[in-house]
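The structure appears below as structure tokens.
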Amino acid sequence: MAKNLKYLKLLASRYRNISEVSTEIIKLSAILNLPKGTEHFVSDIHGEDESFGHVLRNASGVVKGYIDELFGNTLMASEKRNLATLVYYPAAKLEYIRKKGEITDEWYKIQLFRLLKICKRTASKYTRAAVRKALPPEAPHILEELIFEDTSVIHKQEYYLEIIDKIIRLKRADAFIIDISNVIQRLSIDHLHVLGDIFDRGSGAAKVMDILQNYHSVDVQWGNHDIAWMGAASGSDALICNVIRISAKYAILETIEEDYGINLVPLATFAMEYYGSDPCTRFLPGRTEGKSDKELDLIAKMHKAIAIIQFKVEAELIARHPEYEMDGRILLDKLDKLNVPLADDNFPTVDPAAPLRLTPEEKEIMEKIRFSFKHSARLGQHVRFLFNRGSMYKIYNSNLLFHGGIPLTEDGRLKSVNLFKTELKGRALLDKLESTARRGFFGAEGSKERQNGLDIMWYLWCGADSPLYGKHTMTTFERYFTDSKELIKETPSPYYKKRDNQELCAMILEEFGLNSLNAKIINGHTPVKTTKGESPVKAGGGLIVIDGGFAKAYQNVTGIAGYTLIYNSQGLLLASHTPFVSAEDAVENEVDILSETFYVERSPARKKVADTDIGEQISEQISDLMLLLDAYRVGEIKES
């Protein structure tokens, strides 16, 4: 009781008397009866910043749905597309319409009224205080008046009309259209879940991270490509090499050099010195648009140079950790034992007497590049954000979110993995992997725990039992240096073979403390091959895969440009997207990338805030406030 009284006295410093406590209880109780906020799930963005930005702007069809709901047959399809594009890209659309000479005072009035109608609809799921927080600081009171306008009050109609007229006459209509559109986008999604793989393949990963840093409510489940960048920024040589190698492979070195200010000139100089006469054909980038032949040639040489350095530093890391059981990935010293001809046998920096040893020049390059990675201010901010807002998995509103898979045995049981001098499996394994990885970034410089954290991030990138990778081995060396289909084969982990099994999903959900009748597993990581008839909904609806191929490199396999998921008060809605061309195309041709939506599950009754994790926290707050109210009423705590 003494402990409770101490807590209540602390609570009393915020709610000083019966009136303040009662007001808060009334407010919180009312919030519990609001509709559940809309959650938005995206995955495997892979640096496609424009596609990702558009999906956020249209909220995977939520905005378009509001327009259809509000305007029905009163607007033509072309008018609806025009209005939707104005919401998505207000500044660009206004400029485009102005150039066409179509903007008049009447046009402004019509658009403002339409936008306000949409804004009122998006605001209807929130308290007035929550909407106020979403308003721009320049003119919050005017916007608040317009959004909460009561059209049934006849005597105030002239008041509202005068506000609109004055906005137009004072030439503030553009600013208000932009502000209202931004508020619609902001209120259309209550919370964003990013299920990993923000980086690599596309060139806009840094821009995606900027968007996420400024997003109002977001969490991230780490993907293997994210953990690679996190480890590189933390100082892991093995992951620095991997990050540079993949950026060279997709010809997106500008992410490293321009976006993050990391100096790769030492690598380029070294590559030209040792590989100048080597055509490095097998290292030519897969993405060539916008690159000259000279640029592609240099990238190929840098690509090969960093790949050889990678194989050397990885060999040293593997030797430090026999528990990883990855000796089979040390191949530079076994070139004569591969039993297949080498497709490229030029190794000018590999000493036959000590093939795994870095040359003095390679050591110097790694020291310089490591310094640049660790001291990139923008990369440091982005990686700190990923550690602060991210995790290996998340349990949110009875759904289990993780990027890849759970290590399983071949017969579908949780696999015990011995990476930490003790066997761990399931949730305990993921928790230990996460806490160890965090020490790789936050641990003391030069400490053993920091080094172990850096090394476990590399293991999470490519290890056989990594929940983020999901294959038995990463055959990078074999792909570069042999044409053997057998050697380059990467066998998926048992999880990916068995995840369509309802009993397995129920077992995994139970392992994480969730009731399989109400919960679902939501994954990314593996592109859904819709062209081959694969469904993103598996295990009888118990598991949903939302990696549909944001990355252009996957779209010829997937047939679409990504799945996203919406969880609103009415149920779970899956959206598939057509390939995105450009923001300019969206503005000028009013092309929306949303192609199809369907309900995975409809709620029998509309879900309220009371039915969510936040609702549970609010209910606990109400219980505490009721105790404080009683303490005030009996005089146990004095009012002030």
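Because only heavy atoms are used, hydrogens play no part in the values below, and waters and symmetry mates are left out as well, while side chains stay in.
Side-chain contact between I164 and F176: absent, with no pair of heavy atoms (C-beta onward) separated by less than 4.5 Å. You'll find the side chain of P136 reaches within 4.5 Å of the side chain of V183, heavy atoms only. The shortest distance between side-chain heavy atoms of L400 and I508 falls below 4.5 Å. Looking at K608 and K36, their side chains never come closer than 4.5 Å, going by heavy atoms from C-beta outward. A heavy-atom distance below 4.5 Å is not found between the side chains of K249 and R201.
Ring-plane geometry between F199 and W229 is classed as parallel, the angle between the planes falling under 30 degrees on a 0 to 90 degree scale with a further cut at 60. Classified by interplanar angle (parallel below 30°, tilted 30° to 60°, perpendicular above 60°), the ring pair H191/Y396 is parallel. The aromatic rings of Y89 and H54 lie parallel to each other, their planes meeting at an angle below 30°, with 60° marking the opposite boundary.
Here the shortest heavy-atom pairing between P536 and L574 reads CG-CD2, 3.3 Å. A233 and V383 make their closest contact through CB-CG2, 3.5 Å (heavy atoms, listed as atom of the first residue, atom of the second, distance). Shown here for Q185 and V87, the closest heavy-atom pair between the two residues is NE2-O, 2.7 Å. Considering all non-hydrogen atoms of both residues, Q221 and M392 come closest at CB-O, 4.4 Å. Across all their heavy atoms, I147 and A123 have their closest contact at CG2-CB, 4.0 Å. Of all heavy-atom pairs between L28 and L625, the closest is CD1-CD1, 3.8 Å.
Between the CG atom in N82 and the NZ atom in K80 there is a gap of 13.5 Å [rounded to 0.5 Å]. Here the CG atom belonging to L192 is positioned 10.5 Å from the CD atom belonging to E39, to the nearest 0.5 angstrom.
The backbone N or O of K394 sits nowhere less than 3.5 Å from a side-chain atom of D219 that would complete a donor-acceptor pair. E79 places a side-chain N or O within 3.5 Å of a backbone atom of M76 that can act as its donor or acceptor partner.
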Step by step, work out the side chain to side chain donor-acceptor pair (under 3.5 Å) result for Y393 and E434. CA-CA 9 Å; Y393 67 91; E434 178 176 329; over 6 Å; no
Could you walk me through whether D547 and H525 pass side chain to side chain donor-acceptor pair (under 3.5 Å), step by step? CA-CA 6 Å; D547 178 8; H525 190 50; over 6 Å; no
Would you sort out whether Y567 and H193 count as a side chain to side chain donor-acceptor pair (under 3.5 Å), showing the intermediate values? CA-CA 11 Å; Y567 184 20; H193 304 285; over 6 Å; no
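Heavy-atom neighbours of R16 CZ from other residues, nucleotides or ligands within 6.0 Å: at or below the threshold of 12. Atom NZ of K133 is surrounded by 12 or fewer heavy atoms from other residues, nucleotides or ligands within 6.0 Å. Crowding of L70 atom CG: a count of heavy atoms from other residues, nucleotides or ligands under 6.0 Å exceeding 12. Shown here is R121, whose CZ atom has more than 12 heavy atoms of other residues, nucleotides or ligands within 6.0 Å.
Listed by chain and residue number, E616 satisfy the side-chain contact (heavy atoms from CB on, under 4.5 Å) test with E620 (two or more places apart in sequence, or in another chain).
A side chain to side chain donor-acceptor pair (under 3.5 Å) with H382 is found for exactly one of D210, D259, D226, namely D210.
Of the charged side-chain nitrogens involved, none lies within less than 4.0 Å of a carboxylate oxygen, so that K117 and E69 do not count as a salt-bridged pair. Between E601 and K520 there is a salt bridge, with a side-chain nitrogen of the basic residue lying less than 4.0 Å from a carboxylate oxygen of the acidic one.
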Show me the donor-acceptor pairs, under 3.5 Å and distance only, between side chains in residues 107-114 and residues at least two apart or in other chains.
unit_1, atom_1, unit_2, atom_2, d
Y108, OH, R98, NH2, 3.1
Y108, OH, D174, OD1, 2.5
K109, NZ, D165, OD1, 3.2

